[in-house]
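Quick notes on the structure that follows.
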Protein chains: 2
Amino acid sequence: MTAEATIAERTYTIGELAAISGLSVHALRWYEAQGLFPRDIPRTPGGQRIFGDEAVRWLALLNRLRDSAMPVADMARYSQLVRAGEGNEADRIALMESHARYLDAQIEELIASREVIRDKIIFYRRAVASRT
Amino acid sequence: MTAEATIAERTYTIGELAAISGLSVHALRWYEAQGLFPRDIPRTPGGQRIFGDEAVRWLALLNRLRDSAMPVADMARYSQLVRAGEGNEADRIALMESHARYLDAQIEELIASREVIRDKIIFYRRAVASRT
DNA sequence: CTAAGTTCTAGAGTTCACTCTAGGTCAAGG
DNA sequence: CCTTGACCTAGAGTGAACTCTAGAACTTAG
């Protein structure tokens, strides 16, 4: 009896997972086709997908990556590394460090942009105010 | 003699402006078609565009807005407000404040994402280290 | 058992922000 | 002049990330 076997896992239909993850049913199927899941999704005898809590957690991570502008291709690459199992941590680290560097640069740039926008707002406020 | 008339302004061909702004020649023509310039671009008798320093400065601003993910439609709306002249500062402020709020949220989210990424990296580094 | 609501696949369609093509016209150096 | 490189317009094409469609199969409440 392995540790995994002791974990009672809820299951979800694709519609339920869509509601939880915020992705559309279509998007979930498309994600699977793009190789964005680190495990094969089991099916009912009739062919319908059965997702588990692991998928819920994985999608939370994917959402983070996507919302921070990681391309789907990179998410797919990462998923495939996880799928391949232990031993490729160096590759995973490289991928994540690359994204972290992108995020650092992006954050800096957005902060600079916010400054510019703020200055514009101040400028227009003054323009309005000076028109007694 | 107005103040403007005293400003000696350099002119630029579309190719020069492309080099300066980092946009392609195609993109600049497309920007004009999208209404992203707050003034009509003058032409030579032969029909070629003549840009001035004002266009250079305007594109620097547009680049900031675009790089901070403002949709072209919003940049067009802003350009049209500037084109319309003084008196619509409230609209300009509303547009910029909306974008500023978006930026604030985006910056927060990217910082949170960076944390998640950093944790992943740390986790993988440990996994590598523990495999003596 | 049946009807309604989900889910299935394969593939076409959409949106955004360009990018590229075709078939010319213009401008500047020699 | 003439050539060559830059520029013109209109419109088609691209890549990313979905979104939607059609027609069929599955599932479940009654």
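Computation of the quantities below employed the complete heavy-atom set of this structure, encompassing side-chain atoms and omitting hydrogens, waters and symmetry-equivalent molecules. Residue numbers begin at 1 in each chain, while the letters A, B, ... track the order of the sequences.
Considering only the side chain of B/R66, C/dC18 comes nearest among D/dT19, C/dC18, C/dT7. Relative to the side chain of B/R43, the nucleotides D/dC7, D/dA17, D/dC8 differ in distance, and D/dC8 lies closest. Side-chain atoms of B/I14 lie closest to D/dC7 of the nucleotides C/dA17, D/dC7, C/dT7. Set against D/dT19, C/dT9, C/dC20, the side chain of B/H26 has C/dC20 as its closest nucleotide. Here the side chain of B/A27 is nearest to one of C/dT19, D/dC18, D/dC8, namely C/dT19.
Counting to the nearest Å, the P atom of C/dC16 and the CE atom of B/M70 are 15 Å from each other. Residue A/E32 contributes atom CD, which lies 7 Å from atom P of C/dT9 at whole-angstrom precision. Note: CG (A/L28) to P (D/dC20) measures 14 Å, nearest angstrom. The interatomic distance linking A/Q34 (CD) with D/dC18 (C1') rounds to 10 Å, in whole Å. Atom CD1 of A/I50 and atom P of C/dT6 are 18 Å apart (whole Å). Straight-line distance from the CG atom of A/L23 to the C1' atom of C/dT7: 17 Å, rounded to whole Å. C/dT7 atom C1' lies 15 Å from atom CD1 of A/I41, rounded to whole Å. Rounded to whole Å, the distance from OH on B/Y12 to P on D/dC7 is 15 Å.
Distance alone, capped at 3.5 Å, places no donor-acceptor pair between the A/S98 side chain and the A/A94 backbone. No donor-acceptor pair under 3.5 Å is formed between the side chain of B/Q34 and the backbone N or O of B/A73.
In summary, B/R39 and B/E32 do not engage in a salt bridge, as defined by a charged side-chain N under 4.0 Å from a carboxylate O. The existence of a salt bridge linking A/E97 and B/R125 is confirmed by a sub-4.0 Å separation between a basic side-chain nitrogen and an acidic carboxylate oxygen. Salt-bridge formation is not detected for the pair B/E54/B/R57: no Lys NZ or Arg NE/NH1/NH2 atom is positioned less than 4.0 Å from an Asp or Glu carboxylate oxygen.
Contact annotation: A/T13 side-chain N/O to C/dT6 OP1/OP2 distance is not under 4.0 Å. Regarding contacts with the backbone of D/dA17, every side-chain N or O of A/Y31 stays at 4.0 angstrom or more from both OP1 and OP2.
Residues B/R49 and B/F51 meet the side-chain proximity criterion, which asks for heavy atoms closer than 4.5 Å.
Residue A/R49 is the one, among B/W30 and A/R49, whose nearest nucleotide of DNA chain C lies closer to the 5' end (criterion: closest heavy atom). In terms of position along DNA chain C, the nucleotide closest to B/M75 lies nearer the 5' end than the nucleotide closest to the other residue of the pair B/R29 and B/M75.
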Between N or O atoms, less than 3.5 Å apart, protein on one side and nucleotides 23-26 of chain C on the other: list the pairs.
{"unit_1": "C/dC26", "atom_1": "O4'", "unit_2": "B/Q48", "atom_2": "OE1", "d": "3.4"}

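For A/F37 and A/W30, the ring centers are positioned 6.0 Å apart or more.
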